[in-house]
Amino acid sequence: MSSGKREQVEIRRTNRIKSLFGKLLGDPMGAIGVLIVASFLIIALFADVIAPYEPNKIDILNKLQGPSLDHLVGTDQLGRDTLSRLIHGTQIALLVAAISIGLAVLIGSVLGAIAGYGPTWLDFIIMLIFDTMRSYPVIMFALAVVVLFGPSLTTIIIIIMATSFPTYGRLMRTQTQTLRKSEYILSAQALGISTPRILLRHILPNTIGPILIVASMDVPFVIALEAGLSFLGLGVRPPTPSWGSILNDGFTYIRNSPWILFSAGAPLILVTIGFTFLGEQLRDVLDPKISKDR
Amino acid sequence: MIKYTIQRILLAVLIIVCAVATMFIMIHAVPGDPVNVMLGPRATPEIKEALRARLHLDQPITTQLFYFFRGLLMGDFGYDLRSNRPVLDIILEQFPHTLILVTSALIVSTIGIPVGRYAAIHRNGTFDRIVGTISVSIIAMPAIVVGLYMLLFFSVELRWFPVIGAGDKNDWLDYLWHLTLPVITISIAWIGYISRIVRASMIEVLSQNHVRMARAFGLPESKVINRYALRIAVLPSITMLGVSVALILSSTVIVEIIFSRPGIGSLLYESVLSRNYPLVMGAVLFSTIFIVAGTTIADLVNAAIDPRLRKEKD
């Protein structure tokens, strides 16, 4: 490929990304989604700058306070500033989601592609693995794993990865199966292009869209699972601030100081709405076949 | 159909076997002696020896797996470490509470059907748009937040509903009253989900020939919609619920803990906290079997209603 052509391809690619963003922001739902997700990313990246207080700074004299100018959403049972803890909790939530979904997509895609492209018996075995993992109730499975291996951030990531890779695997398998019979893949095969290359260069790029949609919709579930486990005291260890452990503090002091619980639920709701709206809009933009009316 | 049924049941059995084996391998992947993990550091050597013999831990792992499966087949899920009662007995005591919660939530979820029906008929109207936005927002709403907010607003602040427990079993009004918030917590997302599915399939069905035909024959619109369109449009959501037993059961665990209700979720949580190993494994395996059965039945019912599905999977 000459350098001129490559440049053209680059320009076309940037244009495509630009128009994708344009379409995402064009619809109010998509715009809200992008806005919320972007804000959470910024909050997570600059938590140290944004948070008004040190998240673990104990100030017993000012414990369980309601909202005030000093503490916008009040303080917890140790006098720690709830807002600062929630801001720092964003880091954990998004980190867990990014790593575990990333790994799940990776493992799921590889297995799914093998299942969709390989021999029937291999397909059967891989599908059996997917079906088995999907038959566990996620929270119960998580509790069992935690009791066996002990609570930690790594355990949470492994649990989420293990329970969500079948979703991506099935998606990838279906996509691969549909694509493998298409003419351009058949001609690639006829040209003698190796199987790994066909999978990587010709099939994978065409499956990124659907995977992106599902991944975006998956983020709220993953974050809720992390929050759920931390809420039960089986996730991120204290004093590390996590939305789940702050929810638990709020649950404990639900009568004395309802503010903790109220404010700890808000980011979870916002994050859910943000990523779901983004996913919905991504689907409308990337997959014209499934239009809104269907 | 018979061939498909047999295939589907065989697959279900295979999945359960794999799920049990995975659990079994996980228990044995834990570093250290499982007996130490189960009994804690204070157990005497005699007790450890006894447990080791009872669990066949002194034998090779394949033999252990065999005993494990044989036990499960005979309904032996192991023994509770504390009371020494059979795990299955304890689970079966708690399970009805969970079953009532899940069933009630499923029934309440069907509110989504009329909502979706109305939205589909008045497509792109104000109601449709509002319901559309709301349902998208609540579908993924985590049960943990919904439950805690319900508890905060309706039980603690407004004091309309009780805070803990399942209520008096003999007083059905009291029982229902205790059931309200937990059921809403679980079903709110499903109402949104079902209304979306029903709306989508309703719109599809309404454009099909048999509906156009019914209209051409001059049947009243209400009859066309209820008799010819809705009946078909409801099917996908019923399947959806069957397949989603796992998700529903997952949120049940959280809901039972938040509202301090008895049930398999609370049982599991307590056993996790007290490291009551056999009870944890028993509860997970029992739920898994329940889920596999649920999805299999949903698949079979679906195949019986819609023969196209049978062909695809044959």
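On a predicted model such as this, the values are computed, not experimentally measured, just so you know. The figures here come from the full heavy-atom set of this structure, side chains too, leaving out hydrogens, waters and symmetry mates. To find a chain, count down the sequence lines: A is the first, B the second, and so on, and within it residues start at 1.
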J.: By a 4.5 Å heavy-atom criterion (distance strictly below it), what part of Ile291(B) contacts chain A: side chain, backbone, both, or neither?
T.: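 Just its side chain gets close to chain A.
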J.: Check this for me, if you would: do Arg8(B) and Asp299(B) make a salt bridge, where the nitrogen-to-carboxylate-oxygen distance has to be below 4.0 angstrom?
T.: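 Salt bridge flag = yes for Asp299(B) with Arg8(B).
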J.: Side chain, backbone, both or neither: which part of Ile138(B) has a non-hydrogen atom closer than 4.5 Å to chain A?
T.: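 Ile138(B) has no heavy atom closer than 4.5 Å to chain A.
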J.: Does any heavy atom of chain A fall under 4.5 Å from the side chain of Val272(B), the backbone, both, or neither of them?
T.: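 It is both, since atoms from each part get that close.
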J.: Heavy-atom pairs under 4.5 Å with chain B are the metric here; pick the option from Leu143(A), Asp131(A), Leu128(A), Leu232(A) that has the most.
T.: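 If we count pairs closer than 4.5 Å to chain B, Leu232(A) comes out on top.
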J.: Given that the side chain runs from C-beta out, which part of Val253(B) has a heavy atom under 4.5 Å from chain A: side chain, backbone, both or neither?
T.: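 For Val253(B), side-chain heavy atoms alone lie under 4.5 Å from chain A.
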J.: Is it the backbone or the side chain of Leu261(A) that comes under 4.5 Å from a heavy atom of chain B, or both, or neither?
T.: both
J.: Side chain, backbone, both or neither: which part of Thr295(B) has an atom under 4.5 Å from a heavy atom of chain A?
T.: neither
J.: So, Ser266(B) and Gln94(B): side-chain donor and acceptor under 3.5 Å apart, yes or no?
T.: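 Short answer, no.
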J.: Where does Ile223(A) contact chain B at under 4.5 Å (heavy atoms): side chain, backbone, both or neither?
T.: neither
J.: Looking at Ile273(A), Ile254(A), Val138(A), which has the largest count of heavy-atom pairs under 4.5 Å with chain B?
T.: Ile254(A)
J.: Between Phe153(B) and chain A, with a heavy-atom cut-off of 4.5 Å, which part of the residue counts as in contact: side chain, backbone, both or neither?
T.: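 Side chain only.
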J.: Ignoring hydrogens and geometry, is there a side-chain-to-backbone donor-acceptor pair from Asn248(A) to Phe231(A) under 3.5 Å?
T.: yes
J.: With a 3.5 Å distance limit and no angle check, can you tell me whether Ser245(A) reaches the backbone of Pro241(A) through a side-chain donor-acceptor pair?
T.: no
J.: Using only heavy-atom distances, determine whether the side chains of Ser164(A) and Thr167(A) contain a donor-acceptor pair under 3.5 Å.
T.: no
J.: Can any side-chain N or O of Thr240(A) pair as donor or acceptor with the backbone N or O of Val236(A) at less than 3.5 Å?
T.: no
J.: For Ala227(A), which atoms come within 4.5 Å of any heavy atom of chain B: side chain, backbone, both, or neither?
T.: backbone
J.: Decide whether Glu226(A) and Ser230(A) meet the rule of one side-chain donor and one side-chain acceptor closer than 3.5 Å.
T.: yes
J.: Can you say whether Ile144(B) sits under 4.5 Å from chain A via the side chain, the backbone, both, or neither, judging by heavy atoms?
T.: side chain
J.: Can you tell me if OH on Tyr193(B) sees more than 12 non-hydrogen neighbours from other groups inside 6.0 Å?
T.: no
J.: Check whether Leu148(B) gets within reach of chain A through its side chain, its backbone, both or neither, counting any heavy atom under 4.5 Å.
T.: both
J.: As an exercise: rank Leu268(A), Thr276(A), Val145(A), Ile269(A) by heavy-atom pairs under 4.5 Å with chain B and give me the winner.
T.: Ile269(A)
J.: Given a strict heavy-atom distance threshold of 4.5 Å, which part of Phe262(A) is in contact with chain B: side chain, backbone, both, or neither?
T.: both
J.: Hey, is the main chain of Thr155(A) close enough, under 3.5 Å, to the side chain of Ser152(A) for a donor-acceptor pair?
T.: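 The answer is yes, because a donor-acceptor pair under 3.5 Å joins these two groups.
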